[in-house]
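Just below is one structure, and these are the notes that go with it.
Being a predicted model, the structure only gives us computed values, none of them experimental. So that the names make sense, note that chain A is the first sequence line, chain B the second, and so on, each numbered from 1.
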Amino acid sequence: MDFQPKLKEKQWDKSIEQKMFKKWQEEGLYKFDKKSKKPLYSIDTPPPYVNTPIHIGHAYTYVWQDIMARSRRMMGFNVLFPIGLDKNGLPIEVMAEKIFNIKMHETPREEFIAKCKEMLEKAGDASLDSFKRLGLSCNEWQVKYELGGRYDTDDPEYRRLTQETFIQLWRKGLIYEDVKPTNYCPVCGTAIADAEVEYKEGKTKLNYIKFKVKETNEEIIIATTRPELLCSCKIILFNPEDQRYKHLNGKHAIVPIYGQEVEIRAHPYAKPEFGSGLVMICSFGDYGDVRLLRELNIEPTYAINTDGRMNENAGMLKGFLVADARKAIIAELQERDLLVKQEEIDHREPICWRSKNPIEFVALKEFYLKQVEFIPQLLDAANKMNFFAPESKQILIDWINSVSIDWVLTRRRYYGTEVPLWYCKKCNYIYVPDPGKYYQPWKEKPPIEKCPNCGSKEFVGEQRTFDTWFDSSSSEVYILGYLWDKKFFEKHFPCSMRPQGKEIVRNWLYYTLLKSLHLYGKPPFKECWIHMHVVDEKGEKMSKSLGNVIDPHEILDKYGAEAFRIWSCLEGDITHGDIRCSFNRIEGTSKFLTKLWNIARFVSSFPQVEKTELTDTDKWIIDELYLLVERVKNNYKNYEFSDAANDIRNFVWNVFASHYLEMIKVRAYGQGFSEKEQKSAWFTVHFVLKNVLKLLAPIIPFMTDYIWREVYDKESIHKQELPEINYRFGLENYTQKIIEFNSAVWKEKKDKGLSLKAEIAIKVPEELKMFKKDLVKMHNII
RNA sequence: GGGUCGAUGGUCUAGUGGCUAUGACGCCGCCUUGACGUGGCGGAAAUCGCAGGUUCAAUUCCUGCUCGACCCACCA
């Protein structure tokens, strides 16, 4: 009998991948079925920034999300797996400013927005192409405004949702307006949230300045890094334990140059060992100042304006930029012999996460969302979500516990979701529109004729936009169809899964939790998968400045998506720690693809037959398969894809191929065995292959589907469920012994310089007697 | 400064209070074996980050340190 494999080529052809992807799209394989009776599994994927190409970390984590989607689909869930693109906020504006060489605040708003759109248009959807090459099984790639649809965060519909959440929060009394010292980036020209503040290590000068004590006329020395803020000095502190200054308690100091009298007081904030042990508290030099003036209930004097320049409170420094003001005041102090010395010190400066410029504290009237008073509820809700890995939950808990002021919602930017408010020109009544429409108050009239309060017909539209995280933190509401199918939303909220990076727990996950708790009274997700980072060979973060960033396109071009996907599982588990990648091994891990391919080729050369009475060897491998299936299904359930992949590889290569297939080869060819025994082998090889393909389908979807369709079925493997093995024979304990025996025979032949086909006289151990016939034929034992 | 996590052959990983520490990639040697040389068999290669401690016994438990990642923080 001549056996012809159904798979002709000797290895996987990666050019098939994109053909398969196209076929999947044509078939609508992953389209979301709203009417499905299956339980829903919804994934709130992180929308990547549209204008930056995806890097290796993205590729890795989106592949893992795809494995989540595919494995849940094969576990019988109706999977909602939409893809979004983030097109909101500062990064878009900054990019547009750079490309067109314009300044936002010097450009008419309409025109600036048009420029942003033009830029986004040009940038295209490059990152989506990468995702398609990786084979992600998202429901839709282009269709918008429906369940499973692709979305952009600057879609008018998305913005309508953002505005609706604001209106609801407003009506619940959770939003208020207040003047507070606010983190402000003079370069971006906007208030920024605590979560947007970064720190930069650097050197700065600590200036020792002479003050006079009013009551005693004695000279005291105060060290400061912010001499330009002398004008806003409010109080001077020393440590209660500091004997040097005890006598000054309750006395007053006269601030040099400006002459205001400020109290001197004991307070533990002052550290005796720093500077002179005396610290001046200004409004505001840093977070310490903000906290202390709040604590001591002292009215601040703001010295810096929103343009980053000193104001009239700074007297002679008025109009200077902060950095220039510092130079000028130091020169003035030297002139008047008030500067004792300067020391260079290391310190950490708060900077804006986007512009990387130092932030200042300025007085701004902004809208706030209440969060501080909800910390116990937030902790409670956080604890109701299931985290993978469990220890990741601590990142969220720690952040919640550190929240100390409410969330500043408003930004003075253009390319963002508008705050939907109008103000009555006459009586300042704040008009909040009904939800249901996307509002642009800066260029539209309000949807009412006259002020409900005073009857005036003149309104001013709100100019500000929201913090981008205010948009992002409703993504799970958006994808669950809130805007288009409230019933569906209500039935399926909370969302099943939030996959995201550990670095944005404090904003994306936290803010989503906050809004969800405020609006729906429960946590937004059932499960959160928090991933660590892909780092370079040395364990260091990949960044453009270090030049160690790896573009996944190189790998996709060279090895294909399947190689990348199997590598991303075999390389390690990004849930528990950073992944240190070394790409010289991607070639090695992808060898498994070739092995699997050839196993399938071999198996495909035998006829597919009905189950007959099985031989013991066949029963044994099915027992092994059963155990594998149970372990892998459990791995999939718990998102342990690395364990699953390694386990499957080990079974397929080191048990099934190396031992089982070698043992049954002669029988499958039918030499010296009955037809019944031959058919038992035929049945078993296909049975194992079919189930192995199903187990691997979430990880390597292209190749498994290709083999499946060539060998088994016209319909995609991705319509199958994970295997359910109903046979048990109790023979799994023999595996180790079989492997040992075979290895011993091979070694013996090798040691004797014999060909593997050569006859050999060796005794099959008594305990392996049930496999004796196969073993004898396999090794040509005489 | 504080917290969390990580560190196992050249590389990536498994693992455990106790025989000669798992597997893979790479490397070296040998081998056509009716799927696969993108294969098979064999081999070399690790004082399990460093220094202490607990224990009869530690890679595994404890303490300190170094390095890396992430987060937090009020040192002017």
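Projected onto RNA chain B by closest heavy-atom contact, Gln394(A) and His659(A) fall at different nucleotides, the more 5' of which corresponds to Gln394(A). The residue among Gly572(A) and Ala223(A) whose nearest nucleotide of RNA chain B lies closer to the 5′ end is Gly572(A).
Across the strands present, rC36(B) finds no partner; the criterion is a Watson-Crick or G-U wobble pair with both atom distances under 3.5 angstrom. Look at rU60(B): it lacks any Watson-Crick or wobble partner with both distances under 3.5 angstrom. Nucleotide rC28(B): paired with rG42(B) (Watson-Crick or G-U wobble, both distances less than 3.5 Å). In this structure, rG6(B) forms a base pair with rC67(B), meeting either the Watson-Crick or the G-U wobble geometry with both donor-acceptor distances under 3.5 Å. Shown here, rC75(B) forms no base pair; nothing in the strands shown gives a Watson-Crick or G-U wobble contact with both key distances under 3.5 Å.
The backbone N or O of Leu754(A) sits nowhere less than 3.5 Å from a side-chain atom of Glu748(A) that would complete a donor-acceptor pair. Although no hydrogens or angles enter the test, the distance criterion places no donor-acceptor pair under 3.5 Å between the side chain of His686(A) and the main chain of Tyr712(A).
Remark: the separation of the P atoms in rG9(B) and rU22(B) is 14 Å, to the nearest Å. Using atom P as the reference point in both rC61(B) and rC67(B), the two lie 23 Å apart (nearest Å). For the C1' atoms, the distance from rC74(B) to rG68(B) is 28 Å, rounded to whole Å. Straight-line distance between the P atoms of rC50(B) and rA58(B): roughly 15 Å, to the nearest whole Å. Taking atom P on both rU13(B) and rC25(B), the two are 16 Å apart, rounded to the nearest angstrom. Spacing between rG3(B) and rA45(B) at atom C1', rounded to whole Å, works out to 39 Å. On the C1' atoms, rC56(B) is 43 Å away from rC71(B), given to the nearest whole Å. rU11(B) and rC48(B) are spaced 15 Å apart, taking the P atom of each and rounding to whole Å.
If you check the side chains of Asn634(A) and Arg631(A), you find no donor sitting under 3.5 Å from an acceptor. Side-chain contact annotation: Asn207(A) with Gln342(A), donor-acceptor N/O pair under 3.5 Å present. Counting only N and O atoms by type, the side chains of Glu562(A) and Tyr706(A) include no donor and acceptor under 3.5 Å apart. No hydrogens or angles considered: a donor-acceptor pair under 3.5 Å links the side chains of Trp529(A) and Thr575(A).
In terms of heavy atoms, Asn780(A) sits closest to Lys757(A) at ND2-O, 2.9 Å.
Between His659(A) and the options Trp653(A), Phe741(A), Trp746(A), a ring-ring contact (aromatic ring centres under 6.0 Å, His included) holds for only Trp746(A).
Here Ile395(A) lies out of heavy-atom contact (under 4.0 Å) with every strand. Counting any heavy atom pair closer than 4.0 Å across all strands shown, Ser604(A) reaches no nucleic acid atom. In this structure, Glu662(A) reaches the bases: a heavy-atom distance under 4.0 Å links it to at least one base atom across the strands shown. As judged by a 4.0 angstrom heavy-atom cut-off over every strand, Ala600(A) is placed among residues making no nucleic acid contact.
Between the P atom of rG3(B) and the CD atom of Glu503(A) lies a distance of 23 Å, rounded to the nearest Å. Here the P atom of nucleotide rC74(B) and the NZ atom of Lys234(A) are 22 Å apart, to the nearest Å. Residue Asn654(A) contributes atom CG, which lies 17 Å from atom P of rA14(B) at whole-angstrom precision. Atom CG in Leu278(A) sits roughly 19 Å away from atom P in rC75(B) (whole-Å rounding).
Neither OP1 nor OP2 of rA35(B) sits under 4.0 Å from any side-chain N or O of Ser605(A). In this structure, Lys10(A) reaches the rC36(B) phosphate: one of its side-chain N or O atoms is under 4.0 Å from OP1 or OP2. Between Lys757(A) and rG40(B) there is no side-chain N or O to OP1 or OP2 distance below 4.0 Å. Checking the phosphate oxygens (OP1, OP2) of rG40(B), a side-chain nitrogen or oxygen of Trp653(A) falls inside 4.0 Å.
The side chain of Gln671(A) lies closest to rG34(B), out of rA69(B), rA35(B), rG34(B). Side-chain proximity of Lys595(A) to the nucleotides rA69(B), rU33(B), rC36(B) is greatest for rC36(B). Checking rG29(B), rA69(B), rU33(B) against every side-chain atom of Lys750(A), the shortest atom distance belongs to rG29(B). Closest to the side chain of Arg506(A), from the set rG26(B), rC72(B), rU33(B), is rC72(B). Taking the side chain of Ser755(A) as heavy atoms from C-beta on, and the options rG42(B), rU33(B), rA76(B), the nearest nucleotide is rU33(B).
On a pure distance criterion of 3.5 Å, no polar donor-acceptor pair joins the side chain of Glu571(A) and the base of rA24(B).
A stacking contact links Tyr669(A) to rG34(B): the aromatic ring centre lies within less than 5.5 Å of the base's six-membered ring centre, and the planes differ by less than 30°.
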